[in-house]
Amino acid sequence: MNDEIVELAERRPKTFGRRKVTPRACVADGKRHLRAFMSEVLEDLGFVTSECGSADELQATLANELPDLILLGIAADGIEPGKFLEILVREAFEGKVLAVGARESIIVKAVQQVGEEYGLAMLPPLTTPFAAETLRERVAMLLPEEPAPSPAVHVGEALHAGWLELWYQPKIDARTLVRSGAEALVRMRHPTWGVVPPAYFIPEAHDPHFRDLSEFVIERALRDWHYLLERQSQVDLSINLPASYLKEPQAVHDLCRHMPTHPAFGGLTIEIASEEAIRDLEFLTEIAREMRLHNIGLSIDNLGANWPELMDLARIPFINLKADRHFVTGSGSDRLKRTVCRHIVELAQGYGVRTVAEGVESRADLVAANELGFDLVQGFLFGKPMPLKKFARSALTRTVMDPA
């Protein structure tokens, strides 16, 4: 957009890009809300993202992070994109550049043309509004085949480095389809591999870091609850803990002591894997009363074909029984899955506790869950797990869930 760019383009050195296992993207846009939105979309596709609101920030990002993709937001005045292009040429950027702007925008076309003339690897521009699949098609060549690290990252390293965070998946009232809580799920945001699922960093039961991880989950969930409350999107949360952690000296006492005293606090639910919950049933029954006095409930997670082991008991310490996703997904057309789900619901009704169907992926699953009598449903039909800020916004804008 001026002679300086031409000069820089002619003398820029030949360099070789360093590809990562998971690609990095920098969203360069002057508007903060647009940067946040585009970053979330790219993260959903598997990118590690950063944001730049000015040319100076972009230059620092290029020096420190070496992104594979620059997503360039095109404002109406076109001033900032020109500065961004200058920086990209000056820093000899060899990654891809994707311009995003209004359809039929003259500025978008100009940025595209100038970028190509100066040797930048310009992808076909993305015009707004756009579908997520369209963006995926634009950046498909950058998406990794292996989204997770190998070997696995040790949880101690992740905790020490501050890479762990909690993502939230909504729980929905099966009859009204109103949001009725959320489950906190641990994710690792690795600086190289991006967002990594728990299978690659959750420690074995005997690992001493399991206690540290449990304490992280508790502290972060309560901190996130306050964050949601401040943004008028208060929601009751559930977290996953091993029963073995609750057996640690002072663990239950400390957990109860940390519960919020705010009148809006509706309680915290602790989900425990069914195998461990059944094995430690006597212990959990002992501590359940003390925990309920502090607004903490116990829930049995991923209950499936082992449901008969909860039969004929005088009482159970759980407020919820959650059916394993393996038996929920496809239960509308699979007789065996439907039978297991029906027994779980009947078992819960006999004890006077609620039921949760996890793994509702389709309308057919939802219909089946309703017919079987589940109280709450959870699954991709209503939303994937999402970062805290995105969940907070969705809680404000979608108080009534619509699977359509």
Side-chain angles (χ1 to χ4, degrees), residues 155-156 158-171 179-189 198 201-203 205 207-273 276-277 280-281 283-301 317-320 322 353-354 356 376 378 385-389 391-392 395:
V155 68
L159 284 166
H160 179 74
W163 295 337
L164 299 185
E165 58 190 64
L166 294 183
W167 287 28
Y168 294 91
Q169 184 174 38
K171 295 182 179 180
R179 190 190 301 267
S180 184
E183 179 181 1
L185 301 162
V186 184
R187 295 291 185 268
M188 177 174 69
R189 194 180 295 273
F201 62 86
I202 293 294
D207 192 315
H209 287 93
F210 221 140
R211 178 189 179 102
D212 296 335
L213 178 61
S214 298
E215 291 177 348
F216 164 82
V217 170
I218 295 168
E219 294 172 5
R220 181 60 59 87
L222 295 178
R223 191 177 80 182
D224 289 353
W225 181 85
H226 284 287
Y227 176 92
L228 293 169
L229 181 65
E230 291 172 358
R231 283 147 186 81
Q232 300 180 341
S233 55
Q234 180 272 330
V235 64
D236 295 337
L237 301 179
S238 65
I239 61 176
N240 294 272
L241 292 178
S244 57
Y245 169 75
L246 299 176
K247 292 180 179 180
E248 293 278 348
Q250 294 295 309
V252 172
H253 173 75
D254 292 343
L255 178 62
C256 294
R257 183 169 55 86
H258 283 102
M259 288 303 104
T261 58
H262 195 287
F265 181 64
L268 179 70
T269 300
I270 296 176
E271 300 188 12
I272 300 174
E276 192 175 11
D280 293 310
L281 195 59
F283 165 73
L284 295 176
T285 301
E286 290 177 2
I287 66 172
R289 177 175 174 80
E290 177 186 357
M291 298 177 76
R292 286 197 184 189
L293 291 175
H294 293 84
N295 227 358
I296 305 171
L298 298 177
S299 174
I300 187 166
D301 194 14
F318 310 109
I319 61 172
N320 294 328
K322 178 186 279 191
V353 302
R354 296 192 306 173
V356 184
L376 301 175
Q378 180 180 350
M386 61 192 83
L388 174 65
K389 293 181 180 180
F391 178 79

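Source: prediction; values computed, not measured.
- Residues Asp280 and Ala243 share a closest heavy-atom pair of OD2-CB, 3.7 Å.
- If you take CE on Met386 and CD on Gln169, they are separated by 7.5 Å, rounding to the nearest 0.5 Å.
- Between Pro387 and Trp167 the shortest side-chain heavy-atom distance falls below 4.5 Å.
- For the pair Asn295 and Met259, the minimum side-chain heavy-atom distance is 4.5 Å or more.
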request  = Check step by step if side-chain contact (heavy atoms from CB on, under 4.5 Å) holds for Leu255 and Tyr245.
outcome  = CA-CA 11 Å; Leu255 178 62; Tyr245 169 75; 5.7 Å; no
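- Closest non-hydrogen pair, Phe318 versus Ser299, comes out as CD2-C, 3.9 Å.
- Interatomic distance, CZ of Arg354 versus NZ of Lys171, reported as 8.0 Å (0.5 Å rounding).
- Atom CD1 in Ile270 sits 12.5 Å away from atom CG in Asp301 (nearest 0.5 Å).
- Side-chain contact between Tyr168 and Val235 is absent, with no heavy atoms from C-beta onward closer than 4.5 Å.
- Checking Leu164, Leu185, Leu222, Val186 one by one against Val217, the side-chain contact (heavy atoms from CB on, under 4.5 Å) holds for a single residue, Val186.
- Panel note: side chain Glu276, backbone Pro242; no donor-acceptor pair is recorded below 3.5 Å.
- A search for side chain to side chain contact (heavy atoms under 4.5 Å, CB included) contacts involving Gln250 returns His253, Asp254, not counting sequence neighbours.
- Under the 6.0 Å distance and 45° angle rule, Arg231 counts as a cation-pi partner of Tyr227.
- In this pair, Phe265 and Trp225 present their aromatic rings perpendicular. The plane angle is above 60°, beyond the 30 to 60° band.
- With Ile272 as the partner, the side-chain contact (heavy atoms from CB on, under 4.5 Å) test is satisfied by one option alone out of Ile300, Leu298, Asn240: Leu298.
- Counted within 6.0 Å of NE2 on His226, heavy atoms from surrounding residues, nucleotides or ligands total more than 12; the atom is thus considered enclosed.
- In this structure, CG on Asp236 lies 11.0 Å from CG on Leu228, to the nearest 0.5 angstrom.
- Between the CG atom in Leu237 and the CG atom in Leu268 there is a gap of 7.0 Å [rounded to 0.5 Å].
- Side-chain contact between Arg292 and Arg289: absent, with no pair of heavy atoms (C-beta onward) separated by less than 4.5 Å.
- Within the model, atoms CH2 of Trp163 and CZ of Arg189 stand 13.5 Å from one another, a figure rounded to the nearest 0.5 Å.
- By the 4.5 Å heavy-atom criterion applied to side chains, Leu241 and Ile218 are counted as neighbours.
- For the pair Lys322 and Glu183, the minimum side-chain heavy-atom distance is below 4.5 Å.
- Summarising the geometry of Arg211 relative to Pro249, their closest heavy-atom pair is NH2-O, 4.1 Å, with the distance given to 0.1 Å.
- Formation of a donor-acceptor pair under 3.5 Å by the His294 side chain with backbone atoms of Ile296 is not found in this model.
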